Amino acid sequence: MNLNNVVNIKEKGRENIIGLTTSEVKQRVKEGKVNHIPKSPSRTIPQIIRANLFTTFNAINFVLAAIIILAGSPKNAIFVGVIIVNTLIGVVQEIKAKYTLEKLSVISMAHAKVLRDGNIQEIPIEEIVLDDVLYLETGLQVLADGALLYSNGLEIDESMLTGEADAISKRPEEKLLSGSFVVAGDGYAVVTKVGKETYSSTLAEEARQFKIINSDLQEAINKIFKVIIWIVPPLSILLIITQLRIPENTWQDAFIGAVSGIVGMIPEGLVLLTSATFIVSIIKLSKYDTLVQELSATEVLARVDVLCLDKTGTLTQGDLRLSEVKNIGNRNSEEIDKILAALVNNVPSNNPTQKAILAKYKQYDQSIKCMDKIAFSSKRKWSGISFENLGTWILGAPEIILNKGYHFIEHLVKEEAKKGKRVLLLANLHNELNDNLEGKIESVALILIEDIIRDAAPYVLKYFNTQGVDVKIISGDSPVTVSEVARRAGVKNWENYVDARELPEDDEELKKLIDKTSVFGRVTPHQKKKIVLKLQEMDHTVAMTGDGVNDVLALKSSDCGIAMANGSDATKAVAQLVLMKSDFASLPKVVEEGRKQINNLERVSELYLSKTIYSISLAFICSIMFLEYPILPIQLSLVGSCAIGIPSFFLALLPSAGGVKKGFLQRILTVSVPNGILLTLFTIASFLIALKFGLPIMYSRTLAVLMFAGISMVILFRVARPLSKFKTVMCLAMFGIIVLAFLTPIGRYIFSLSEINLKHWIISLAVIILSSPLITRFVDIFRVRVNKKFKVKTI
């Protein structure tokens, strides 16, 4: 690499950095020296089709269908049609999600600022070429490995690489690693590595890819399937053997009965429904300009019971306004304006506070010569500069600058802070500039900055209050100021605030203080992370919002990190959710979608697992009693479609409110097991009683199917509660379809049913209606006893 292409080595001033020319960029592109980032590893369309079609459960079902066809009863293989339809739905949904998410990925792609032809340009990360000159400023992520050319108080945080959040001052010719980010100052760096050779290829890819990862919900379902996989093979073999040994059965009858039992044991529709619901959720959230970077984020956010908010950019717009420069010393106002203008123009920063001051002091006396400077950082909370003939000046947090001498102006600061103003101190340091501010400090002026509260903040905070989510404001500003802003925004218990510098060292005391405190001020990045970790130790599920580089550690540590699109690249890289319009108001939509997703899936899981428990129990009883299996595959398809498959699809996508707690697997089993047992008992009892009275096998099977369908509808009505007009009509329509199958000749022919006489209709329907309170009572008793024994929480 030849640095002479981009800078005059003998003169390392900012004005001597020229960058690449357009022709030099084109030459490097031609040579392939481009920061090409491999495409996000999302599945291609053929991969999506294969993944949805060639599954273990599909393979099992196709083999079973082949057995049925060989046994001479093709219509009993109709359950394969359901599998094909489910597969097609899954493929279409995932392809739709693929295009939606890839579109959002492009929108959220990281951008770099480069110096080309003497001008700073903003380009996508993939257009960076070798030897490009990157312009770095506060909040920007370093997107390619490089060497520093010029530093204006540049400080780099490499926590994303090393885990250490302390900012590192960088000097010319020192290495910069992609994945780190700027926390103070600005500067220029020349790119030394591009493409796969850099850290940024991995980090940027991780930041923009969409990962369907295992959530708590999916993990619970996977556990269920692992158990089922262990049960199905031996029970299937046992069922086949016993069906073959029944004297009246032909091998065809035996295999058809065995297949019916095996098909019912596998809740394959539950897997499809879970994936489809997740995919539908992220498509819906994209309409609210929310980018889901990890699919489980909606589920995690739905479980959140503590929401930590950064004040700036979240409660407030992030745009500040210089309200007043309050003279509190012996200097005249003209001198203060002159010093302040020179200071903010010579210590540039992208933080909103400095921008607000710069907006007023765009011009300054160019004859004032800067001798030394220290840029602002969130850890230090002040910036300083030494001028020739004018001395050393400090701008920052009053209590940090004055330390023990703060009490002299504390009443003035608190008076302004109570009005919701952000208060900075302009002070004269009677000494050379130093990191520890050693020397006499003269207070000169208070710089009063106003926050503008977002219009949506009161509505959003009220929503979380009503949902039982504890909101905590964590900010680097004065706790008094933050508390006032919190009050204006509508934060509950806003008066409970604390200065983070006074946080106790003892873990137990710290936890107690964090638990009862709603507003934290003067918090460092390390302390933000610590607060989040302590909340998690107290068994809370924590979400954290942020837009600045000082929020990165806390975002990474939280259960769900939420970044604003107008925030730094670093925050967007580590967050699970990105609010594309930086609109705080979209958070309730995300929470509602997540809660709807989990609550509805928990309800419909009861339907699928009840059928699984039922099929396993029925197969076991038929095996030990050498009893012909009472349900045919096509009859199982009828009941499964009308009482489970079709209604579950609608129930999973309907609105649903209410909080979500841990323990999905335990809760669902405490209702599915008793449901399955009762379904088995009613079905087998109907079948045995009919046989006992000498009724034909087909008629007895028809009564068993009617009882199975009726009890399944009772369970469906229970799951659908609270019943709305739509749910009631849907459930009745499903029951009506089942009844038509029994009443119409074509229905009886297709589903191998006998015509039932009126007496048996009346008896069966009476038993079904009377079973409802019995089922409810049995399930409640079973659930209470299990919950009490295993201390399971319910919704």
Side-chain angles (χ1 to χ4, degrees), residues 260-261 264 603-604 606-615 617-618 621-622 629-648 651 671-693 695 697-721 723 727-744 747-748 750-779:
S260 183
R603 292 187 180 98
V604 300
E606 179 181 339
L607 298 174
Y608 285 99
L609 294 182
S610 294
K611 187 194 77 169
T612 296
I613 300 295
Y614 158 77
S615 296
S617 304
L618 191 60
I621 290 173
C622 289
Y629 201 81
I631 308 292
L632 296 176
I634 195 167
Q635 295 166 345
L636 186 66
S637 296
L638 170 66
V639 179
S641 297
C642 294
I644 301 173
I646 297 172
S648 69
L651 291 175
V671 290
S672 299
V673 170
N675 282 344
I677 292 171
L678 287 173
L679 273 170
T680 304
L681 293 177
F682 277 99
T683 302
I684 205 76
S686 297
F687 189 57
L688 288 174
I689 291 170
L691 291 176
K692 183 72 174 176
F693 279 93
L695 297 174
I697 184 68
M698 188 172 176
Y699 193 91
S700 300
R701 181 172 275 140
T702 302
L703 290 176
V705 173
L706 178 60
M707 189 57 63
F708 170 46
I711 303 300
S712 295
M713 292 307 303
V714 170
I715 294 171
L716 175 60
F717 272 97
R718 287 184 64 253
V719 169
R721 294 181 303 182
L723 290 172
K727 290 179 183 178
T728 304
V729 170
M730 179 193 68
C731 292
L732 290 174
M734 293 299 102
F735 187 60
I737 292 171
I738 292 174
V739 171
L740 284 174
F742 283 88
L743 294 178
T744 60
R748 290 195 294 270
I750 293 172
F751 297 104
S752 301
L753 300 170
S754 296
E755 186 175 359
I756 303 174
N757 64 47
L758 183 60
K759 181 177 72 174
H760 291 148
W761 264 110
I762 294 171
I763 294 172
S764 297
L765 291 176
V767 171
I768 290 168
I769 293 169
L770 293 173
S771 71
S772 180
L774 173 64
I775 293 172
T776 301
R777 180 64 177 162
F778 181 68
V779 170

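Since this is a predicted model, take the numbers as computed values, not measurements.
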S.K.: Ignoring hydrogens and angles, tell me if any N or O in the side chain of Glu606 forms a donor-acceptor pair with the backbone of Val719 under 3.5 Å.
M.R.: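 Not at all, since once roles are kept as given, no pair shorter than 3.5 Å links the two residues.
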
S.K.: I need the Ser700 OG to Leu691 CG distance, nearest 0.5 Å.
M.R.: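 The CG atom of Leu691 is 4.0 Å from OG of Ser700, to the nearest 0.5 Å.
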
S.K.: For a side-chain contact (heavy atoms from CB on, under 4.5 Å) check, start with the C-alpha distance between Leu636 and Val705, then their side-chain angles and the critical distance, and finish with the verdict.
M.R.: CA-CA 8 Å; Leu636 186 66; Val705 173; over 6 Å; no

S.K.: So how far is it from Ile738 CD1 to Ser712 OG, rounded to the nearest 0.5 Å?
M.R.: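 It comes to 7.5 Å.
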
S.K.: If every non-hydrogen atom of Ile634 is compared with every non-hydrogen atom of Ser752, which pair is closest and at what distance?
M.R.: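 That closest heavy-atom pairing would be CG2-OG, 4.4 Å.
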
S.K.: How would you list, by chain and number, every residue that makes a ring-ring contact (aromatic ring centres under 6.0 Å, His included) with Tyr614, sequence neighbours excluded?
M.R.: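 Tyr614: ring-ring contact (aromatic ring centres under 6.0 Å, His included) contacts with Phe708.
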
S.K.: Looking at residues at least two apart in the chain, or sitting in another chain, which of them share a side-chain contact (heavy atoms from CB on, under 4.5 Å) with Leu743?
M.R.: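 Per chain and number, Leu743 pairs via side-chain contact (heavy atoms from CB on, under 4.5 Å) with Val739, Trp761.
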
S.K.: Roughly how far, to the nearest 0.5 Å, is the CD1 atom of Ile613 from the OG1 atom of Thr680?
M.R.: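 Reported value, rounded in 0.5 Å steps: 9.0 Å.
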
S.K.: Among residues at least two apart in sequence or on other chains, which ones pass side chain to side chain donor-acceptor pair (under 3.5 Å) with Ser686?
M.R.: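 Listed in chain order: nothing, the list is empty.
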
S.K.: Who passes side-chain contact (heavy atoms from CB on, under 4.5 Å) against Ile684, sequence neighbours left out?
M.R.: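 Expected list: Leu618, Ile621, Cys622, Leu627, Leu688.
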
S.K.: Donor-acceptor check, side chain of Ser615 to backbone of Thr612, threshold 3.5 angstrom: yes or no?
M.R.: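 Side chain of Ser615 to backbone of Thr612: no pair is present.
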
S.K.: Just grab all the salt bridge (charged side-chain N to carboxylate O under 4.0 Å, His left out) pairs involving residues 699-713, residues at least two apart or on different chains.
M.R.: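 Salt bridge (charged side-chain N to carboxylate O under 4.0 Å, His left out) check on residues 699-713 returns Glu628-Arg701.
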
S.K.: Report yes if some heavy atom in the side chain of Ile715 is under 4.5 Å from a heavy atom in the side chain of Leu679; otherwise report no.
M.R.: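 Of all side-chain heavy-atom pairs linking Leu679 with Ile715, at least one is under 4.5 Å.
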
S.K.: side-chain contact (heavy atoms from CB on, under 4.5 Å), that's the test. Do Ile762 and Leu758 meet it? Break it down for me.
M.R.: CA-CA 6 Å; Ile762 294 171; Leu758 183 60; 4.0 Å; yes

S.K.: Would the distance check show the side chain of Arg721 and the main-chain N or O of Arg718 forming a donor-acceptor pair, the cut-off being under 3.5 Å?
M.R.: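 Yes, because the side chain of Arg721 sits within donor-acceptor range (under 3.5 Å) of the backbone of Arg718.
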
S.K.: Not counting sequence neighbours, which residues clear ring-ring contact (aromatic ring centres under 6.0 Å, His included) with Phe735? List them please.
M.R.: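 None.
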
S.K.: What distance separates Met713 CE from Leu716 CG, expressed to the nearest 0.5 Å?
M.R.: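 Spacing of CE (Met713) from CG (Leu716) equals 4.5 Å.
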
S.K.: Could you give the side-chain donor-acceptor pairs of residues 763-773 under 3.5 Å, partners two or more places apart or in another chain?
M.R.:
unit_1 : atom_1 : unit_2 : atom_2 : d
Ser764 : OG     : His760 : O      : 2.8
Ser771 : OG     : Ile768 : O      : 2.5

S.K.: Could you give me the CA-CA distance, side-chain angles and deciding distance for Phe687 and Leu703, then say whether side-chain contact (heavy atoms from CB on, under 4.5 Å) is met?
M.R.: CA-CA 7 Å; Phe687 189 57; Leu703 290 176; over 6 Å; no

S.K.: Distance-only, no hydrogens or angles: does the Arg748 side chain make a donor-acceptor pair with backbone N or O of Leu753 under 3.5 Å?
M.R.: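 Looks like no, no N/O pair under 3.5 Å.
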
S.K.: How long is the straight-line distance from CZ of Phe778 back to CG of Asn675, given to the nearest 0.5 Å?
M.R.: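 These two atoms lie 9.5 Å from each other.
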
S.K.: By side-chain contact (heavy atoms from CB on, under 4.5 Å), which residues pair with Ser754, not counting sequence neighbours?
M.R.: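 Only Met698, Tyr699, Thr702 meet the side-chain contact (heavy atoms from CB on, under 4.5 Å) criterion with Ser754.
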
S.K.: Run the side-chain contact (heavy atoms from CB on, under 4.5 Å) test on Ile631 and Tyr629 for me, step by step, so that the C-alpha distance in whole Å, both residues' side-chain angles and the decisive distance to 0.1 Å come before the verdict.
M.R.: CA-CA 6 Å; Ile631 308 292; Tyr629 201 81; 4.0 Å; yes

S.K.: Can you give me the closest heavy-atom contact between Ser672 and Leu609, atom names plus distance?
M.R.: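 Ser672 and Leu609 have their closest heavy atoms at OG-CB, 3.4 Å.
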
S.K.: Going by atom type alone, with no hydrogens or angles, which donor-acceptor pairs under 3.5 Å involve a side-chain atom of residues 727-734 and a protein atom two or more places apart or on another chain?
M.R.:
unit_1 : atom_1 : unit_2 : atom_2 : d
Lys727 : NZ     : Ala720 : O      : 3.1
Lys727 : NZ     : Pro722 : O      : 3.3
Thr728 : OG1    : Ser724 : O      : 2.8

S.K.: To the nearest 0.5 angstrom, please state how far the CG atom of Leu651 sits from the CG atom of Leu607.
M.R.: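 Rounded to the nearest 0.5 Å, the CG-CG separation comes out at 7.0 Å.
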
S.K.: Please examine the side chains of Tyr608 and Ile644, heavy atoms only from C-beta on, and report whether any two atoms are closer than 4.5 Å.
M.R.: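 Side-chain contact under 4.5 Å: yes.
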
